[in-house]
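Before any comments, here is the structure.
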Amino acid sequence: MASHERRSIPKQTGEELDIGFKAAIGFYLGIIVAGLATVAGIVADASMAAILATAPSTVTAVLVLALIFGDRLRGLPERIGLSRSRRLGCYLPAVAFASMLVVPAFAPLEYSARLTTVTIAFTVLTATVAVGVARMTRNRYVAAATADEPTATWSWQNARFHSGVWDILTTVGALLLVAGGLVGIYTGHTNGMWFLLYGGFWLFMQWSETNGWFDPHDEDGSKRWGESDLRAHEAGIVLDRAHQQKLVPWDAIDDVRLTDDELVIERGRWLDIRCDRSAIDDPENVLEGIQRARERAERSRTAEFTH
């Protein structure tokens with residue numbers, strides 16, 4: 001693990017698990033269990049009516065269990081959100097479902113339209129839910145690691161990509177999913193509805209983010225396309241965007257400097273955070289706040305080392 005990834009588990013992990021994560025992890029585990037039960041039912045040649053009747057009740061049962069006993073998992077989201085490698089573990093069930101597509105080539109199992117359709121559906125569904133779970137764990141880790149008051153808060157209008165390249169690519173991808181779904185429905189393919197639903201979901205999320213929905217930092221919907229909020233804490237700099245947060249620790253930051261056009265947070269040639277100076281209300285004051293947070297982190301590190 002790189003030096004800048006050596007982070008500790010926040011002390012706040014002793015708190016009770018919030019209802020949002022309990023519901024998310026319950027739905028996530030329910031989808032996995034329902035998917036395994038559905039695949040097993042198809043392999044056992046069970047009727048499709050029985051399979052379709054069992055899957056929703058399985059998801060509901062696991063969800064209820066997670067809501068009741070979820071407090072036993074306290075500290076879990078922070079531990080998962082601690083590093084990228086742990087968050088990638090959320091996608092392993094989706095990989096397992098996808099691998100079932102090639103199992104018949106190496107095992108005495110016959111291909112069937114039902115098995116292929118169900119496997120693809122649960123691969124996509126599990127991966128989609130895993131995105132939300134992984135994001136929630138990172139958000140909760142960041143919240144626990146940055147419980148102190150920020151020394152500086154400012155808006156980030158990316159000086160490198162004013163148009164929000166990632167948002168544009170996401171929107172294009174969602175539109176392609178919607179188009180593929182409509183074509184699939186028109187041609188009679190059962191997967192068309194799934195593509196349409198997921199494409200529509202991501203379009204809705206992108207549209208709501210752009211218009212400031214569900215974002216407490218932008219209640220008037222005035223946020224510009226591609227703009228985020230940044231905060232300087234003792235643990236590092238937090239990139240705060242609608243529904244997702246990312247912590248960049250100080251030992252991953254080489255330098256912070258202010259130019260005529262940008263506030264530059266140097267992390268490497270392709271990882272620099274370049275903030276459009278015109279989008280920051282008081283650039284000099286923000287720079288001073290960043291330096292205070294970094295000095296405070298250095299003093300804390302020194303105190304820990306001496307003790």
Side-chain angles (χ1 to χ4, degrees), residues 1-13 75 77-91 131 134-161 164-167 217 226-259 261-277 279-280 283-306:
M1 184 177 292
S3 60
H4 62 270
E5 291 180 337
R6 293 193 186 107
R7 310 173 193 174
S8 59
I9 302 293
K11 297 179 180 179
Q12 288 80 357
T13 55
E78 290 86 354
R79 286 193 290 271
I80 295 176
L82 181 67
S83 66
R84 182 183 292 108
S85 58
R86 295 185 181 188
R87 293 193 299 272
L88 287 175
C90 297
Y91 300 94
V131 172
R135 181 175 294 181
M136 291 176 74
T137 60
R138 185 171 69 179
N139 289 351
R140 278 151 181 76
Y141 168 76
V142 172
T146 58
D148 59 314
E149 288 295 322
T151 58
T153 302
W154 70 101
S155 295
W156 174 29
Q157 179 65 36
N158 195 326
R160 186 174 291 163
F161 302 121
V165 171
W166 177 252
D167 291 333
H217 301 289
E227 184 173 299
S228 308
D229 294 324
L230 287 91
R231 306 192 306 270
H233 291 266
E234 183 176 331
I237 293 180
V238 175
L239 284 70
D240 189 352
R241 197 172 187 181
H243 310 297
Q244 57 180 322
Q245 298 182 12
K246 181 180 180 181
L247 174 64
V248 182
W250 290 115
D251 51 6
I253 297 173
D254 298 326
D255 189 26
V256 181
R257 54 189 173 85
L258 192 63
T259 69
D261 302 316
E262 303 171 348
L263 172 64
V264 183
I265 302 170
E266 295 184 357
R267 302 178 56 203
R269 183 175 181 182
W270 301 107
L271 297 176
D272 289 352
I273 301 173
R274 312 183 74 88
C275 309
D276 189 344
R277 183 168 177 158
I280 304 174
E284 289 80 8
N285 187 50
V286 167
L287 180 61
E288 290 178 4
I290 295 173
Q291 292 171 342
R292 287 199 307 272
R294 193 168 193 177
E295 291 170 359
R296 192 169 66 186
E298 186 61 33
R299 288 195 299 269
S300 297
R301 249 192 319 265
T302 303
E304 289 179 5
F305 180 77
T306 56

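Counting heavy-atom neighbours within 6.0 Å of Glu284 CD, excluding the residue itself, gives a total above 12.
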Inset, instruction - Decide side-chain contact (heavy atoms from CB on, under 4.5 Å) for Ile273 and Leu230; before the verdict, give the C-alpha distance in whole Å, the side-chain angles of both, and the deciding distance to 0.1 Å. - result: CA-CA 10 Å; Ile273 301 173; Leu230 287 91; 4.0 Å; yes

Inset, instruction - Decide yes or no on side-chain contact (heavy atoms from CB on, under 4.5 Å) for Arg299 and Arg296, but give the supporting numbers first. - result: CA-CA 5 Å; Arg299 288 195 299 269; Arg296 192 169 66 186; 3.8 Å; yes

Inset, instruction - Go through the steps to decide whether Arg86 and Thr137 satisfy the test side-chain contact (heavy atoms from CB on, under 4.5 Å), and finish with yes or no. - result: CA-CA 10 Å; Arg86 295 185 181 188; Thr137 60; over 6 Å; no

Inset, instruction - Under the side-chain contact (heavy atoms from CB on, under 4.5 Å) rule, what do Glu288 and Asn285 come out as? Steps first, then yes or no, please. - result: CA-CA 5 Å; Glu288 290 178 4; Asn285 187 50; 4.1 Å; yes

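Between the side chain of His233 and the backbone N or O of Asp148 there is at least one donor-acceptor pair closer than 3.5 Å. At distances below 3.5 Å, not a single donor-acceptor pair connects side-chain atoms of Arg277 with backbone N or O atoms of Leu263. Put simply, the side chain of Arg135 never gets that close to the backbone of Val131: no donor and acceptor are under 3.5 Å apart. A donor-acceptor pair under 3.5 Å is formed between the side chain of Asn139 and the backbone N or O of Gln245. Between the side chain of Arg87 and the backbone N or O of Ile80, no donor-acceptor pair lies under 3.5 Å. When atom types are taken as modelled, the side chain of Arg294 and the backbone of Ile253 share a donor-acceptor pair closer than 3.5 angstrom.
The CD1 atom of Ile290 lies 12.5 Å from the CZ atom of Arg257; values are rounded to the nearest 0.5 Å. Taking CG of Leu247 as the reference point, atom CG of Leu239 lies at 9.0 Å (rounded to 0.5 Å). The distance from atom CZ of Arg138 to atom CG of Leu82, rounded to the nearest 0.5 Å, is 13.0 Å. Expressed to the nearest 0.5 Å, how far CD1 of Ile265 lies from CG of Asp272 amounts to 9.5 Å. Between the CZ atom in Arg79 and the CZ atom in Arg140 there is a gap of 14.5 Å [rounded to 0.5 Å]. Note that the CZ atom of Arg267 and the CG atom of Asp255 stand 14.0 Å from one another [nearest 0.5 Å].
For the pair Asp229 and Ser155, the minimum side-chain heavy-atom distance is below 4.5 Å.
Closest heavy-atom contact between Thr146 and Ala235: CG2-CB, 4.2 Å. Taking each heavy atom of Glu234 and Ser300 in turn, the nearest pair found is OE2-OG, 2.6 Å. Across Ala232 and Trp154, no two heavy atoms sit closer than the pair N-CZ3, 4.1 Å.
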